[in-house]
Amino acid sequence: MALVKTDIEIEKIRKSSLLVGETIAEVASRLRAGITTLELDKVAYDFIMDHGALPAFKNYHGYPATLCISVNDVVVHGIPGKYEIKDGDLVSIDCGTIIDGYYGDSAYSFGIGMMDPAVTDLMRRTKESLYKAIEVALTGKRVGDIGYEVQTYVESFGYTVVRDLVGHGLGSSLHEKPEVPNFGKRGTGPKLEENMVICIEPMINLGKRGVTQDRDGWTIRTADHKPSAHYEHAIAIHKDKAEILSSFDAIEQVTNHNILIIK
Ligand code: CO
């Protein structure tokens, strides 16, 4: 698979990634204390099918659901189930779709009801680190420049970067080359090329960086059980400014007094 995409391919990835944002927004409109993560997953599945697309995560290496819903100390890959969302929860929602053979992938973190300010700060800085990274994701730069940006930004607030999971190329598969770590050294790693499409997805912990995997084979949680935030955009690499192919606009337009959206 080619790392560098044609303009037509980029349009397809954009279409798919925009549907992901709309799906997460639809889920956000239903997100509140008392709803189960499985109910939220059904909202996403129906929304994606109603739009003539396919959920990208379902059956991916055997993954059983449409969304990954990762609450509090769950970093990523939380499997929707009987868990009821509670006041004070940090809820990260990750979604992927396939339209016309091309993948979309994006993630957003929400706060439910009365939140610990330390957790909303973590959310805000994690989101900001994503945009800092996007600013340096330019043709001729290297993957290490992206990681450096995320890492130095979040570590300046005392947060830590999860090392075990990384961002990735995106196209006619969900995970393509290159790997895009959220840590690294400037000027190192694979070079970013014009029209490459990558997902940048910082997973940032309030406590220590170590993670563990549950016996379900998916759920990744912080070893110290402190909360973790996750935001993800799919972007196309260009000379002067990366194009953000996914969008948080639909999500950030949701008015729901039960959830906190970091704008
Ligand atoms: Co991803």
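Remember, it's a predicted structure, so these values are computed and weren't measured experimentally. Order of listing sets the numbers, starting from 1, for every ligand and every atom in it.
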Taking the Co ion (ligand 1) as the vertex, measure the angle between atom OE2 in Glu232 and atom NE2 in His168; round to 10°.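 That angle works out to 110° after rounding to 10°.
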*So does His175 have any N/O/S atom less than 2.8 Å away from the Co ion (ligand 1)?*
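Within the cut-off used here (under 2.8 Å), His175 places no N, O or S atom near the Co ion (ligand 1).
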Requested in this report: Examine all N, O or S atoms of Asp94, backbone included, and report whether one is under 2.8 Å from the Co ion (ligand 1).
Outcome: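 No, outside the cut-off.
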Pick from Ser109, Ser70, Ser228: which one makes a side chain to side chain donor-acceptor pair (under 3.5 Å) with Ser92?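 Only one option passes, and that is Ser109.
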Open item on the list: Could you check, using the six-membered ring where one of them is a Trp, whether Phe248 and His233 have ring centers closer than 6.0 angstrom?
Closed with: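 Centroid separation for Phe248 and His233: below 6.0 Å.
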Less than 4.0 angstrom from a charged side-chain N to a carboxylate O is my criterion; do Arg14 and Glu11 meet it?
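Salt bridge between Arg14 and Glu11, a charged N being under 4.0 Å from a carboxylate O: yes.
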Notebook entry, point to check: Any idea which N/O/S atom from Glu201 gets closest to the Co ion (ligand 1)?
Noted result: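 Restricting Glu201 to its N, O and S atoms, the minimum distance to the Co ion (ligand 1) goes to OE2.
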Minimum-distance N/O/S atom that Asp105 presents toward the Co ion (ligand 1):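 The atom in question is OD2.
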Item checked: Residue Lys132 excluded, over 12 heavy atoms near NZ under 6.0 Å ->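 Counting neighbours around NZ of Lys132, 12 or fewer heavy atoms of other residues, nucleotides or ligands fall under 6.0 Å, so no.
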- Message: Restricting to side chain to side chain donor-acceptor pair (under 3.5 Å), what partner residues turn up for Thr139, sequence neighbours left out?
- Response: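 Applying side chain to side chain donor-acceptor pair (under 3.5 Å) to Thr139 gives Glu194.
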